[in-house]
Amino acid sequence: MTDSSVERALEILCNGGLVAIPTETVYGLAGDASNEAAVRRIFAAKGRPAEHPLIVHVAAAGQLGDWAATVPPTAAVLADTCWPGPLTLLVPKAAHVLPVVTGGRETVGIRVPAHPLTTELLSRFGGGLAAPSANRFGKVSPTTAAHVVADLGSRVDYVLDGGACSVGVESTIVDCTTTPPQILRPGGIGSEEISALLEGALADADGPSRAPGMLASHYAPNAHVVLVETAQEAAAIAASSSGGWILDRSDNLVAYAHCLYAELRSADERGVHTIIAVMPPAIGLGHAIRDRLTKAAAH
Ligand code: TXA
Ligand code: MG
């Protein structure tokens, strides 16, 4: 079946327009990565500083070499094993990659997303789609088409509705240009899995993230966010005079990641003044959830 919505999205992208695309992580605000005017429109629509680079999305792992000057062996291993999937690889950029995409850097982030509509779109498009998360700068990433419309409205030409994003947090970013590689942003694939695939050759991911744009107060809802380590602590705060609404799926990391951004948005819609978030264990998807909650609380 050729989806008429994919047809429409393709036509807009080929004419330099912007389309919100569903991925397994979050919705992306996509434009033709080889069209400088289209890429500039992405920054304008998001209200994002020009020095924050964009990830280039492609249909299949075989296209990594089209965008990389050289493919480090570590990147080849991770691409073969994890793509399509919630992983972005930083590699040395090929000469044709526009500086506006990389924020003037010599590296480019590449990812093969796993969502049937976007896979079909990318296959037929043939090239690369530059796409940051489809939210206004500094806000919570969108995990449904309705979130995109609420954030961007007419700033996006078309929203390709692929339902709710299955993973719910952004991709893990691995810088493969250093030896050993390093995780710049925890995300949909846990560091333990990446470390195992690289046979342990992964730099310590502790400390502040090195990806530009990973500001301390990112992913911020309007509500005040208080972090606790246990459900008991959360209940005690909620019962006290300060009160608050408890966010806790720490018993199920997959479910926690899946609902995290939608819950933060819904708390804002309901006018919740304080979200009491229970931190999940720091394993697998828990690293990404802890990172995003910490940033939400830094607001
Ligand atoms: O799951 C995802 O990665 C989503 C979906 C749409 O694919 N995309 C996403 O893009 O989260 P964005 O732009 O919101 O976050 C990408 C992060 C930014 O912090 C950016 O600075 C960093 O990746 N980044 C991209 N290219 C980079 C590069 N060449 N060097 C360093 N950091 C880079
Ligand atoms: Mg983002």
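Quantities reported herein were computed from a predicted structural model and do not represent experimental measurements. First listed ligand is number 1; within each ligand, the first listed atom is number 1.
The shortest N/O to N/O separation between E170 and ligand 1 does not fall below 3.5 Å. Inclusion of T107 in the set of residues having an N or O under 3.5 Å from an N or O of ligand 1 is warranted. Inclusion of Y27 in the set of residues having an N or O under 3.5 Å from an N or O of ligand 1 is not warranted.
In summary, R265 and D151 engage in a salt bridge, as defined by a charged side-chain N under 4.0 Å from a carboxylate O.
The ring-ring contact (aromatic ring centres under 6.0 Å, His included) test applied to W245 returns no partner, not counting sequence neighbours.
When non-hydrogen atoms are compared, ligand 1 lies under 4.0 Å from the side chain of I173 (C-beta onward) but not from its backbone. For L90, every heavy-atom contact with ligand 1 shorter than 4.0 Å involves the side chain, none the backbone.
Taking every non-hydrogen atom of R48 and a distance limit under 4.0 Å, the qualifying atoms of ligand 1 come out as 12 (P), 13 (O), 14 (O), 18 (C), 20 (C). Each of the following atoms of ligand 1 lies closer than 4.0 Å to a heavy atom of G28: 6 (C). Taking every heavy atom of S171 and a limit of under 4.0 angstrom, the matching atoms of ligand 1 come to 1 (O), 2 (C), 3 (O).
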For residues 152-159, tabulate all N or O donor-acceptor pairs below 3.5 Å that involve a side-chain atom, not counting sequence neighbours.
residue, atom, partner, partner atom, Å
D157, OD2, L18, N, 2.7
D157, OD2, R41, NH1, 3.2
D157, OD2, R41, NH2, 3.4

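Not one N, O or S atom of N135 sits under 2.8 Å from the Mg ion (ligand 2).
Looking only at atom types and distance, the side chain of E7 has no donor-acceptor partner in the side chain of S4 under 3.5 Å away. Side-chain contact annotation: E170 with S133, donor-acceptor N/O pair under 3.5 Å absent.
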- [ ] With salt bridge (charged side-chain N to carboxylate O under 4.0 Å, His left out) as the test, would you mind laying out the steps for E263 and R249 before giving the verdict?
- [x] CA-CA 11 Å; E263 292 288 356; R249 288 305 309 269; over 6 Å; no

